[in-house]
Amino acid sequence: MQTTEAYDPGAVEAKWRARWAERRTNATDLSHAANPYFNLMMFPYPSAEGLHVGNVFAFVGSDIHGRTRRLQGFDVFEPLGFDAFGIHSENYALKVNTHPGKLIPRNIKRFREQLKRVGLMVDWEHELATIDPAYYKWTQWIFLQLFKAGLAVKKAAPVNWCPECKTVLANEQVIDGFCERHPETKVHQRFLEQWFFTITKYAARLLENLETLDWSDSTRSMQANWIGCSKGADLEFQTSKGESIRVFTTRPDTVFGATWVVLAPEHPMVESLTAAEKRNDVEKYRRRTAAMDIVSRKVGDKEKTGVFTGSYARNPATGEDVPVWVADYVLMEYGTGAIMAVPGHDERDFDFAKKFELAIVRVIEPTQTGPDGEAPELPTTTWEGKLVNSGQFDGMSCATAVGAITEWLEEKGKATSQTHYRLHDWCISRQRYWGPPIPIIYCDKCGTVPVPEKDLPVILPELKDFRPDESGVSPLARLEEWYHVPCPKCGTSARRETDVSDTFLDSAWYFLRYPSTDYPDCAFDPELTKRWLPIAQYIGGNEHAVLHLMYSRFITMALYDLGWLPFEEPYRRFRAHGTIIRDGAKMSKSRGNVVTPDAYIERWGADTFRMYLMFLGPYQEGGDFRDEGIAGIRRFLDKVWSAVDEARSANGSSRPLDPVVQRKLHQTIQKVTDDIEGLRYNTAISSLMEYLNTVRSRAECDGRRTAINAQALNPLLIMLAPFAPHMAEECWESMGHSQSIFDADWPKFDEALALEDQIQLVVQVRGRVRGRVNAVRDISQDDALALALKDERVKKHVGGMEIKKVIFVPGRLINIVVDGK
RNA sequence: GCCCGAGUGGCGGAAUGGCAGACGCGCCGGACUCAAAAUCCGGUGGGGGCAACCUCGUGUGAGUUCGACUCUCACCUCGGGCACCA
């Protein structure tokens, strides 16, 4: 064997980076592709720290899928861009005292360089950045479409204010009452005029469509939870003054047990229902609640508080008057802001009844009784039971009673079947600088006027001092010459909206722009959009399950309704990837266990690093990064390298495929193809290793090492190419191919060639393995039994006992059941 | 509290009703070497036995089955999501 150069990933990778760029290997012909496949990965936020190993893990997993699809004959479009607006960037800019307009492009440049080293099949000719006026022009355009359709509305509402960010936050950005980005900072409630997208109008559709999507179950259930559908009824409790309190309940079957009514402190009827002698108490209570921040109210200690209004309302079922209370455990933003309290069958109401000594009535006799046969102590919240103390409905099951009672009250005009959702409207206003200005102008004469489309984009002006302040007004308001603008309708002096929009709006439509990055005249070219969308596969993290993914579904659905898109769901298939941890813990700066990709790529090569990340565990679960393990992957690639070298330098390239290798090859094709399809990259890699081990050991067996040849190695290289693209290209070329390996065809699986003709049949006696016998694949049960009984060990365990039963699994196992003892 | 996911060698993990521990790391032994590294070959769950073999073993406890890591029920632990949502 002649001596050759060792595998040098640095050189190989530099060579192929240059060649791919020069040959435009990764550029997709968008207009003429016959078999389009849009492979999307979540675009990164270009942080100052540079590319994170989590980014690499996500991108590589997606890239492997894309590259495989290409080898399988698809025209794959794999673009990438940068999500560069937003508070993250702006806060960092403030910290290092550099204008984001300077800082962010620098970060992007660094990110792009790092990304290119990873060896992704990205078509860089369609790169985009959300901070580019050519991009956010269309972000603003989308706002205008929604505005015209009445889906963007300005309303005063209690909103989440982060004193640290000095801006409002969407509900989704508030975690347990704390700011998503400042875990130490309690979010306050402010009552401000804000722009909202009325996503709640789409709640039912967003929920129902989930069932039709090919998405990770975890992601779907998170969205379903977040939308939070509750079916029930609105019931009317008539007050003595003739007004009606609407309460929402999911348990109309318990209405006979409703012994009082509770209004949220902000409920508009509190005013009129408060009796003169209670006014002081009620006012005091409302003030106290209003002064509380969301944290104390929602997640603080759950000791119930409340105050009696002095008024009564009539229970529509019993006809009895029950007291009306005000309490902050009822939230204005959910349902009708009022409830009927059923202390016997609701834990919260029960607590309240105990504290304020209110009447508790049992109206459900649970099916399941306690150990002594007694009915369990109240409260019981079960659906499994029969009604009691409920007039003509006594004895009915809960499930039946829900319908029956609702109908009965409906006839009396006291009930309406109702579904409520937990989802809130999407607050998109941000009182910050680093975002696309909301394209609205306020005129004293004409009111709220949208910026005409021909005037888009509303350029984010340069602003030296972009620091946010306490006022609740965006820093843009301080720029007089920008703030004052003639009204587009009447021409008189008017004022610009100074808030910018939420970053999640930027990312809610970026995938629509990728194919159309060259089109200045529209947000997305209709022809290209039709050809390439919706997304064939999308890979990303579950941290975006209820933010980005739901917002982009909503925007797509709205644009579909407005006639701009031919589909209502943006992502056909979505898969959530797992998280890479280190030493059993999430990577974080404070723990000091962060893996920086650059150093590993430098030392081991991008191909080894890519493959190692994929080898750590199932892609959809993530894995534990350990420094020691990476050497195993590198050793594997070294072995591939030297095998290729040996095959190339051997005489007679038309050597036949060794029969054992051939069988293993077809088993491997099947396994690897399947595994990649299911994103089981770790086991796909194992199979490739096993295959190479087989080739090598067959070469070892015969002295002339004929098992190592082009026929054996070419398919291996193709299957390896998605994982280690640079190295596979280099090997492919040295095997004498002049085209890119990514223009080759994925190997075809032939079942007949994969079948073993000799098998090891496992012999069990009473379910325990007692031997293995060699047999032909299709051995019959009788032959197998005869063969098994010849085995000494099996004989011993069968003894002289009578065979009661034989279980035979063709080609795998025979189990001889004899009399026990 | 509710919903979802996971618990398997020294480690990452494999096997979803049929040989538990594939593949890889690490470790042990051997070859090559003056030596080491690299590489190559072999071994590697626990206990017992000279051995052939026997036996225990997939978080815990029960159950279904000829046979259970896999299915069912109860529980424990960890991770994620939701949480006064009526």
Side-chain angles (χ1 to χ4, degrees), chain A residues 6 175-177 217-226 228-230 232 247-251 254 262 264 297-300 302-304 327-331 333-342 346-349 351-352 381 420-424 542-543 545-546 576 578-579 581 583-586 612 615-618 620-633 635-636 638-639 642 680 682-690 693 696-697 700 760-772 792-793 796 804-809 812-818 820:
Chain A
I175 313 292
D176 289 343
D217 287 337
S218 57
T219 315
R220 280 200 302 203
S221 81
M222 278 165 80
Q223 282 213 0
N225 264 331
W226 189 261
C229 171
S230 296
V247 303
F248 174 62
T249 178
T250 54
R251 297 297 301 264
T254 64
V262 189
R297 174 155 171 198
K298 283 195 173 175
V299 294
K302 294 192 177 153
E303 175 82 2
K304 297 271 181 296
D328 71 357
Y329 80 93
V330 173
L331 308 172
E333 69 238 39
Y334 187 77
T336 60
I339 61 150
M340 64 177 198
V342 185
D346 182 286
E347 279 171 29
R348 295 153 302 185
D349 299 340
D351 292 345
F352 198 77
T381 53
H420 283 283
Y421 296 90
R422 211 190 66 103
L423 186 72
H424 288 55
N542 250 344
E543 68 272 20
V546 294
T579 325
I581 56 171
D583 310 324
K586 250 189 197 157
Y612 181 56
F615 191 59
L616 288 174
Q620 287 168 93
E621 282 161 42
D624 201 342
F625 192 99
R626 274 165 201 278
D627 286 357
E628 309 89 64
I630 197 166
I633 295 289
R635 281 202 270 268
F636 169 68
D638 279 335
K639 285 180 207 169
S642 57
R680 292 180 296 273
N682 56 333
T683 49
I685 293 169
S686 299
S687 305
L688 294 175
M689 288 173 167
E690 277 187 56
N693 290 345
R696 281 162 56 92
S697 74
E700 205 56 41
Q760 275 210 332
L761 191 75
V762 172
V763 184
Q764 295 185 336
V765 181
R766 290 173 59 215
R768 314 201 48 157
V769 180
R770 297 301 182 188
R772 294 167 188 90
E792 283 305 320
R793 236 177 109 199
K796 193 179 123 200
K804 282 172 62 183
K805 196 171 170 185
V806 174
I807 285 107
F808 181 63
V809 184
R812 302 194 75 156
L813 164 143
I814 183 160
N815 184 9
I816 302 165
V817 186
V818 294

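Below, read A as the first sequence line, B as the second, and so on, with proteins coming before strands; counting in each chain starts at 1. Heavy-atom basis, side chains included; hydrogens, waters and symmetry copies ignored.
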Who is the Watson-Crick or G-U wobble partner of B:U58, with both distances under 3.5 Å? none
Using purine N1 to pyrimidine N3 plus N6-O4 or O6-N4 for Watson-Crick, or N1-O2 and O6-N3 for G-U wobble, each under 3.5 Å, what pairs with B:C34? none
Within the 4.0 Å heavy-atom criterion, would you say A:Val330 contacts the bases, only the backbone, or no part of the nucleic acid? base
Does A:Ser230 place a side-chain N or O at less than 4.0 Å from the phosphate oxygens OP1/OP2 of B:A86? yes
Heavy-atom side-chain proximity of A:Ile633 to A:Met689 below 4.5 angstrom: yes
B:A68 to B:G61 separation - C1' atoms, rounded to the nearest Å: 15 Å
Searching all strands shown, indicate the nucleotide that pairs with B:G67 (Watson-Crick or G-U wobble; both distances under 3.5 Å). none
RNA chain B nearest-nucleotide lookup for A:Asp349 and A:Gly629: closer to the 5′ end is A:Gly629
Salt-bridge test for A:Asp638 and A:Arg635: reply yes if a basic N is under 4.0 Å from a carboxylate O, no otherwise. no
Kindly compute the distance separating CZ (A:Arg812) from CG (A:Leu761), expressed to the nearest 0.5 Å. 11.0 Å
Taking B:G7 as the reference, what is the distance to B:C69 when you measure between their C1' atoms (whole Å, please)? 11 Å
Among B:C54, B:A83, B:A86, which is the nearest nucleotide to the side chain of A:Arg793? B:C54
Can you give me the closest heavy-atom contact between A:Gly337 and A:Val330, atom names plus distance? O-CG1, 3.5 Å
Using atom CD of A:Glu792 as one end and atom C1' of B:A52 as the other, report the distance to the nearest whole Å. 12 Å
Which one, B:C84, B:U39, B:C66, comes nearest to the side chain of A:Val817? B:C66
Give the nucleotide from the list B:C23, B:C3, B:C25 with an atom nearest to the side chain of A:Arg635. B:C25
Summary of protein contacts for nucleotides 8-21 of chain B, nucleotide by nucleotide, where a base hit scores B, a sugar-phosphate-only hit scores S (4.0 Å, heavy atoms): ---SBSS---BBS-
Determine: side-chain N/O of A:Arg768 to OP1/OP2 of B:C56, distance under 4.0 Å, yes or no. yes
So what does A:Arg696 hit on the nucleic acid, given a heavy-atom distance under 4.0 Å: a base, only sugar-phosphate, or nothing? sugar-phosphate
Counting the atoms with a prime plus P, OP1 and OP2 as sugar-phosphate, which does A:Ser218 contact under 4.0 Å by heavy atoms, base, sugar-phosphate, or nothing? nothing
Identify the nucleotide, in any strand shown, that forms a Watson-Crick or G-U wobble pair with B:G24, with both distances under 3.5 Å; if there is none, say none. B:C11
Quick check: does any side chain N or O of A:Tyr612 sit under 3.5 Å from a backbone N or O of A:Phe625, one acting as donor and the other as acceptor? no
Please give me the minimum heavy-atom distance between A:Gln760 and A:Arg772, naming the atom from each residue. OE1-CD, 3.6 Å
Could you let me know what B:C2 is paired to, Watson-Crick or G-U wobble, both distances under 3.5 Å, or none if it's on its own? B:G81
What is the ring orientation for A:Phe352 with A:Tyr329, classed by angle as parallel under 30°, tilted 30 to 60°, or perpendicular over 60°? tilted
Nucleotide nearest A:Lys586 when distance is taken to its side chain, options B:C40, B:G80, B:C84: B:G80
Distance below 4.0 Å between A:Arg770 side-chain N/O and B:U55 OP1 or OP2: yes
